[in-house]
Amino acid sequence: VFQKLDLDGGDVLNAKMLKHFFHQMGKTVDSNEIDGMIAMVDPKEQGFASYEDFAAIFTNPAEGLRQVNAEYVRDAVKGVDKNALWSGDSEDQDSHEDDYESDSD
């Protein structure tokens with residue numbers, strides 16, 4: 001899964017890559033939701049997820065999640081309408097549409 005998401009082969013996942021992935025699946029996910037997903041697999045709070053951090057969460061979720069700073073995740077998802085998640089009704093979903101657009105070059 002990590003290799004499919006890692007568009008440039010740099011061994012890290014960032015918000016732009018996740019946004020592209022969801023777009024390819026036909027899902028619109030707002031930037032706060034994307035930031036929250038990154039924060040869940042970014043215990044070092046670098047703004048991206050390394051393969052090691054990603055694998056730690058998915059191979060041993062209980063231990064991997066113990067390493068995550070809950071406040072960092074809360075800050076990342078501020079403004080997300082929890083009732084609209086995945087329903088396609090997020091108020092903010094179009095306001096950041098260009099935040100993570102793919103580079104054309």
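Not measured: the values here are computed from a predicted model.
For Tyr51, the side-chain contact (heavy atoms from CB on, under 4.5 Å) partners are Phe2, Ala55, not counting sequence neighbours. For Asp11, there are no salt bridge (Lys or Arg N to Asp or Glu O under 4.0 Å) partners two or more places apart in sequence or in a different chain.
A donor-acceptor pair under 3.5 Å is absent between the side-chain atoms of Asn60 and the main chain of Gly64, judged by distance alone. The main-chain N or O of Ile34 is never found under 3.5 Å from a side-chain atom of Lys19 such that the two would form a donor-acceptor pair. Remark: the backbone N or O of Lys78 is paired with a side-chain donor or acceptor of Asn32 at under 3.5 angstrom.
Applying the salt bridge (charged side-chain N to carboxylate O under 4.0 Å, His left out) test to residues at least two apart or on different chains, the pairs with a partner in residues 49-61 are Lys44-Asp53.
The minimum heavy-atom distance between Ile38 and Asn14, with the atom names listed, is CD1-C, 3.7 Å. Closest approach of Ala39 to Ala76, counting heavy atoms only: CB-CB, 3.9 Å. Taking both residues in full, the closest heavy atoms of Met37 and Leu18 are given as CB-CD1, 3.9 Å, listed atom of the first, atom of the second, then distance. The two atoms that bring Asp35 and Ala15 nearest to each other are OD1-CB, 4.2 Å, heavy atoms only. Leu7 and Met17 make their closest contact through N-SD, 3.9 Å (heavy atoms, listed as atom of the first residue, atom of the second, distance).
Note: the hydrophobic cluster containing Phe54 does not contain Phe48 (ILVMFWY, side chain heavy atoms under 4.5 Å, direct or indirect links).
Remark: Glu63 CD is packed, more than 12 non-hydrogen atoms of other residues, nucleotides or ligands lying under 6.0 Å away.
Looking at heavy atoms from C-beta onward, Leu65 lies in side-chain contact with Met40 at the 4.5 angstrom threshold.
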